[in-house]
Amino acid sequence: MTDSNASSPAPKGKYDHAEVEPRWQKHWEERQTFRAARRPGKKKRYLLDMFPYPSGSGLHVGHPEGYTATDIVARYARMRDEDVLHPMGWDAFGLPAEQYAIETGTHPSVKTYENIATFRRQLKMLGFSYDWSRELATTDDEYVRWTQWIFLLLFKRGLAYQDEIPVNWCPALGTVLANEEVVDGRSERGNHPVIRTPLRQWMLRITAYADRLAEDLSEVDWPHGTLTMQREWIGRSEGAEIEFSVDGRPDDRFSVFTTRADTLLGVTFVVLAPEHPLVKSITTDAQRASVDGYVAQAQSKSDRDRIAQTKTKTGVPTGAFAIHPLSGEKVPVWVGDYVIGSYGTGAVMGVPGHDARDFEFAKAFKLAIVEVVSPDGKKHETLESAYVEDGIAVNSGEFDGLKTPDCSRAIVKKLESIGKGRGKITYKLRDWVFSRQRYWGEPIPIYFPVELPEGGDPQKGAKAIIRFDKPIAIEESELPLRLPNLSDFRPGDDPAGPLARSLEWRFFQKDGQWYARETNTMPQWAGSCWYYLRFLDPKNGSEGWSKEAYADWMPVDLYVGGAEHAVLHLLYARFWHKVLYDAGFVRDLEPFKKLVHQGMILGTSYRFYRSVDGQALPGDLSVAAEPTGLPAFKGAMPKWTPVFRTDTGEPVQECFAKEEEIELKSGDPIHRELGIKTVLIADKMSKSRGNVVNPDDIVKAHGADCLRLYEMFMGPLEAVKPWQSSQIQGVVRFRDRAYAVCTRATNDAIDPETERLLHRTIKKVTQDVEGLSFNTAISTMMVFTNHLNGLPSVPKEAAEKLALLLAPFAPHVAEEIWKELGHPESLALAPWPSFDPKLTVDDKIEIAVQVNGKVRGQVLLARTASEEDARKAALEIDSVKPFMDGKTIKKFIYVPARIVNFVVG
RNA sequence: GCCGAAGUGGCGGAAUGGCAAACGCGGCGGAUUCAAAAUCCGCUGUCCUCACGGGCUUGUGGGUUCGACUCCCACCUUCGGUACCA
């Protein structure tokens with residue numbers, strides 16, 4: 001019974017990650033092991049992480065997840081003798097640094113570069129094999145220069161233009177707010193009133209690329225869900241534009257957009273968006289007061305609030321009537337905020353019989369409902385709800401009897417012939433609002449002529465009229481246009497942004513004429529739109545990237561990043577790429593060949609409850625969010641937000657304990673001090689939950705290799721996974737065991753069993769790395785390590801191969817093992833182990849013998865055993881016989897190397 | 001509502017038509033130790049049974065199949081995204 005460890009020599013001393021890891025990191029850095037270079041004839045891989053915003057709170061355990069995945073592939077590819085480009089940089093413009101600057105008066109770049117230094121230190125500490133010589137930040141002058149250069153390219157190609165767009169202007173804060181910063185028409189910070197006001201903005205004409213952005217998705221290997229989301233966001237919709245005129249006002253016409261032209265004869269009303277330009281002029285005097293009131297109310301709501309109230313339809317009649325383009329009948333014109341001004345034409349035809357929203361609207365305001373599409377071609381008395389499916393036209397005069405698609409075509413044709421409509425394609429996608437009224441962003445490289453009184457000096461405050469209608473591009477030779485060094489970063493009272501206050505920067509003279517610079521800056525998206533191109537050639541001073549560098553590395557072979565960027569970042573970057581393609585600067589239609597989203601890492605906490613008097617209650621208590629239907633609670637309501645016990649109706653407080661406050665007693669998580677049962681909850685990490693994990697702490701306690709191994713071992717890369725610190729123990733033991741086992745290797749020849757397992761391990765790990773199945777790759781290496789651990793003597797060949805397999809996952813310990821095994825050089829470029837397919841399959845395999853689908857025994861069979869041999873051998877098994885006695889075999893199933901099944905009766 | 005992902009031991013997960021629960025955490029028992037930690041070995045889905053052994057089990061209910069975690073239909077739950085897009 002007690003045999004195995006007597007023969008195992010003691011390990012040569014414990015593995016000290018704190019000493020080993022920094023030593024190898026220094027080694028790689030000094031020798032520039034991971035510097036990317038192209039060799040002719042070699043395969044290349046461009047492995048890209050979505051670069052981080054260097055926030056003040058430092059690296060989060062979520063970051064290393066995707067970064068470890070690409071790093072494993074990068075290190076693996078180098079060992080396969082491929083050329084690897086694996087860069088890292090910083091998406092460094094952004095609001096937090098600007099807000100910090102407003103509070104402290106320090107320039108945002110100071111804080112930004114401090115944060116970058118922290119992130120860089122933390123990433124280096126994790127041993128990622130980036131080519132740090134290509135590091136860049138979007139805030140670097142040399143980077144901004146080319147971001148501005150691309151903007152000018154867009155401008156010169158007519159893809160950047162100015163427009164008046166309603167924004168959330170907060171006079172008290174003196175700034176424009178994003179939608180999410182506005183709650184109930186007031187600012188999230190400070191609760192000041194916010195008004196919707198039109199403001200001059202730079203727009204990018206992304207809609208010009210809508211079709212190509214949708215179509216070229218067929219070129220890429222992306223997650224199915226992301227492709228769907230992009231297609232839906234672009235939202236191509238084929239339909240018709242139909243013209244209505246206003247009764248008694250022959251010059252006032254408007255168009256509606258519809259995908260169901262076939263229902264045109266079912267129109268009983270039309271609805272205009274509150275911001276529709278015709279609303280003001282067609283409203284009758286009798287209705288003016290209520291319409292004005294309604295429009296004002298709609299304007300005070302943010303887009304979000306307006307959309308949030310979807311339950312009940314609101315609207316008011318304008319008093320005007322529209323003339324139906326085919327029937328000539330008069331239908332009432334209403335204003336309703338369920339119609340969106342910016343989509344289609346900002347007007348819809350109301351077909352309550354066949355559109356759910358129109359149906360609700362008609363019900364609410366008692367408007368007529370007419371059936372024009374029937375499932376069976378017969379007319380029906382009343383409609384209980386809108387019939388939105390295809391069918392056969394009824395009540396539609398000459399179009400009766402036509403099927404929906406034919407009817408649509410016939411009606412559009414008819415409208416075209418009388419000049420009242422035409423087929424049209426509309427997109428949900430809108431042009432991209434590209435300017436921000438902020439300081440900490442790339443200045444837009446545009447200036448405008450200025451009209452001044454004779455001898456006036458605008459730098460000294462002379463009143464200037466800026467001709468925004470005459471934008472002029474800055475000369476390329478003058479790029480980058482740098483930000484002025486302000487001492488005060490507050491927004492001020494001018495919606496034009498803080499740059500407008502810097503008069504010496506804003507106004508300048510050229511050939512005796514005064515000009516004014518654009519004071520808007522670019523959004524944070526700008527820098528991330530093309531960083532994958534700058535990584536190709538980051539030091540190039542004469543162009544953004546050279547054609548040679550592009551040909552060397554593009555396209556990106558694997559792009560890993562969070563699903564939160566599934567739509568906007570990826571769409572914007574693809575848009576720029578296509579513009580660059582049209583201008584001849586890039587050669588691929590799509591920049592990112594394969595895309596993977598790493599799943600979010602959740603934090604773990606343990607829930608329990610407290611009663612009003614502070615008594616702790618178990619976490620599996622049955623509670624409800626609302627007291628409705630529960631026994632009434634007599635006492636005073638607490639100050640905190642309660643939930644309610646379903647048994648007594650008593651309000652209780654939800655509380656959360658940390659992992660270290662919990663111990664397991666017969667499977668139940670029990671609170672150590674309170675002694676009550678808790679319930680494990682996995683949730684987004686947040687300070688308030690106390691479930692945030694800091695990578696620095698993990699590296700300090702267990703080392704970078706273990707953080708990498710744990711994050712990869714937790715589960716599939718794409719899955720959402722809860723972090724549980726106690727589980728790290730498993731990979732810590734694995735790392736230490738791998739080190740101990742490998743460093744006691746001897747020169748003994750490898751035994752056949754170990755050899756077969758080794759080849760199977762190599763095969764599985766290789767396949768899993770290629771397929772990004774890192775969790776199963778690690779478990780395969782664990783199995784092999786455990787096998788070696790049980791051997792009286794570990795063959796050196798097995799130890800060396802294990803070190804090589806482990807290297808992409810846990811590079812530091814692998815290097816250390818390699819060194820201890822007598823190799824003076826790093827294994828970072830050593831050849832990846834190969835396997836002999838013959839050794840990965842067994843000649844004899846034990847397979848299950850089933851009777852009527854139930855396993856009744858095992859039989860050892862040759863891989864290639866014949867059906868007759870299998871049948872004979874299976875019938876010999878003692879444990880099978882009782883189930884066969886007195887039965888007849890109705891069917892015999894044999895799948896070689898898999899299963900034997902007797903169907904008996 | 002719609003779109004997407006997912007529901008498997010006490011926990012993280014494995015197996016995508018062929019022996020469910022690999023690997024790991026935790027737990028139990030043992031070896032080692034003066035003792036502990038670390039390490040090593042064994043057991044560990046659940047129910048019935050002294051045992052041998054057997055039944056049941058992949059969210060629920062149906063179906064296809066010799067055979068279903070896996071495929072099909074319906075439903076429930078959770079998470080993520082999105083939203084009056086005409």
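Model, not experiment: these values are computed from the prediction.
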Arg898(A) CZ: over 12 foreign heavy atoms closer than 6.0 Å: no

Sugar-phosphate, base or nothing in reach of Glu846(A), heavy atoms under 4.0 Å: base

Short side-chain N/O contact from Arg737(A) to OP1 or OP2 of rC40(B), under 4.0 Å: yes

Proximal nucleotide (of rA15(B), rG81(B), rA86(B)) relative to the Met229(A) side chain: rG81(B)

Sugar-phosphate only, base, or nothing, as touched by Asp736(A) at under 4.0 Å among non-hydrogen atoms: nothing

N/O donor-acceptor pair, side chain Glu360(A) with base rC84(B), under 3.5 angstrom: no

Earlier contact from the 5' end, RNA chain B, for Thr226(A) and Arg898(A): Thr226(A)

Assigned partner base of rA37(B), Watson-Crick or wobble definition, under 3.5 Å: none

Mate of rG61(B) where both pairing distances stay under 3.5 Å, Watson-Crick or G-U: rC73(B)

Between rA38(B) (P) and Arg735(A) (CZ): distance, integer Å: 15 Å

Touch class at under 4.0 angstrom, heavy-atom based, for Glu718(A) against every strand present: nothing

Proximity to the side chain of Val783(A) - top-ranked nucleotide from rC23(B), rC25(B), rG12(B): rC23(B)

Spacing of Leu806(A) atom CG and Asp705(A) atom CG [to the nearest 0.5 Å]: 7.5 Å

Sugar-phosphate only, base, or nothing, as touched by Arg231(A) at under 4.0 Å among non-hydrogen atoms: nothing

Base of rG67(B) paired with side chain of Gln850(A) (donor-acceptor, under 3.5 Å): no

Euclidean distance for C1', rU33(B) against rG12(B) (whole angstrom): 33 Å

Nucleotide nearest His224(A) when distance is taken to its side chain, options rC41(B), rG26(B), rA5(B): rA5(B)

Short side-chain N/O contact from Lys721(A) to OP1 or OP2 of rA5(B), under 4.0 Å: no

Whole-Å distance separating the CE atom of Met781(A) from the C1' atom of rA14(B): 16 Å

From rG13(B), rC19(B), rG54(B), nucleotide with atom closest to Pro722(A) side chain: rG13(B)

Nearest-angstrom distance from the residue atom CD of Glu659(A) to P of rG10(B): 19 Å

Syn or anti for rG9(B) (syn when the glycosidic angle lies within 90° of 0): syn

Span that lies between the C1' atom of rC69(B) and that of rC19(B), in whole angstrom: 14 Å

Base of rC11(B) paired with side chain of Gln727(A) (donor-acceptor, under 3.5 Å): yes

Touch class at under 4.0 angstrom, heavy-atom based, for Val720(A) against every strand present: sugar-phosphate

Between rA86(B) (P) and Tyr338(A) (OH): distance, integer Å: 13 Å

Between rC3(B) (P) and Leu227(A) (CG): distance, integer Å: 17 Å

Sugar-phosphate, base or nothing in reach of Lys424(A), heavy atoms under 4.0 Å: nothing

Whole-Å C1' distance, rG9(B) and rG59(B): 15 Å

Short side-chain N/O contact to rG18(B) OP1/OP2 from Asn901(A), under 4.0 Å: no

Salt bridge present between Arg236(A) and Asp211(A) (N-O < 4.0 angstrom): yes

Parallel, tilted or perpendicular: rings of Tyr572(A) and Trp432(A) (30°, 60°): parallel

Interatomic distance, Asn786(A) CG vs rC41(B) C1' [rounded to whole Å]: 12 Å

Distance in angstrom units between Phe784(A) CZ and rC23(B) C1', rounded: 16 Å

Gap in Å between the two C1' atoms, one belonging to rG61(B) and one to rC23(B), rounded: 34 Å

Whichever of Ser779(A) and Pro716(A) has its nearest RNA chain B nucleotide further upstream toward 5': Pro716(A)

Counter-base of rG10(B), judged by Watson-Crick or G-U geometry with both distances under 3.5 Å: rC25(B)

Contact under 4.0 Å: Tyr343(A) side-chain N or O vs rA86(B) OP1/OP2: yes

Check: Phe713(A) ring centroid to Phe734(A) ring centroid under 6.0 Å: no

C1' spacing across the pair rU77(B) / rC71(B), given as an integer number of angstrom: 22 Å

Nucleotide paired to rG4(B) in any strand shown, Watson-Crick or G-U, under 3.5 Å: rC79(B)

Among rG24(B), rC19(B), rC25(B), the nucleotide that comes nearest once only the side chain of Ala848(A) is considered: rC19(B)

Separation between the C1' atoms of rU58(B) and rA20(B), rounded to whole Å: 7 Å

Any strand: nucleotide that pairs with rA15(B) via Watson-Crick or wobble, under 3.5 Å: none

Presence of Arg733(A) side-chain N/O under 4.0 Å of rG26(B) phosphate oxygens OP1/OP2: yes

Gap in Å between the two C1' atoms, one belonging to rG13(B) and one to rG7(B), rounded: 13 Å

Ring geometry between Phe784(A) and His787(A) (parallel below 30°, tilted from 30 to 60°, perpendicular above 60°): parallel

Pairwise P distance for rG45(B) and rU32(B), with rounding to whole Å: 28 Å

Nucleotide of rG54(B), rG24(B), rC19(B) approaching Phe713(A) most closely (side-chain heavy atoms): rG24(B)

Minimum-distance nucleotide (side-chain atoms of Phe883(A) versus rG54(B), rC66(B), rU39(B)): rG54(B)

Integer-rounded Å distance: rG81(B) C1' and His597(A) NE2: 11 Å

Mutual orientation of the aromatic rings belonging to Tyr387(A) and His354(A) [parallel < 30°, tilted 30-60°, perpendicular > 60°]: perpendicular

Options rA86(B), rG18(B), rG24(B), nucleotide nearest the side-chain atoms of Ile899(A): rG18(B)

Short side-chain N/O contact from Asn775(A) to OP1 or OP2 of rC23(B), under 4.0 Å: no

Sugar-phosphate only, base, or nothing, as touched by Val348(A) at under 4.0 Å among non-hydrogen atoms: base

Parallel, tilted or perpendicular: rings of Trp334(A) and Phe365(A) (30°, 60°): tilted

Touch class at under 4.0 angstrom, heavy-atom based, for Ser237(A) against every strand present: sugar-phosphate

Tyr294(A) (side chain) donor-acceptor with Asp337(A) (main chain) under 3.5 angstrom: yes

Listed nucleotide nearest any side-chain atom of Phe257(A), set rA86(B), rG81(B), rC3(B): rA86(B)

From CA spacing to verdict: ring pair (Phe, Tyr, Trp, His ring centres under 6.0 Å), Phe892(A), Phe902(A): CA-CA 5 Å; Phe892(A) 173 69; Phe902(A) 293 102; 5.1 Å; yes

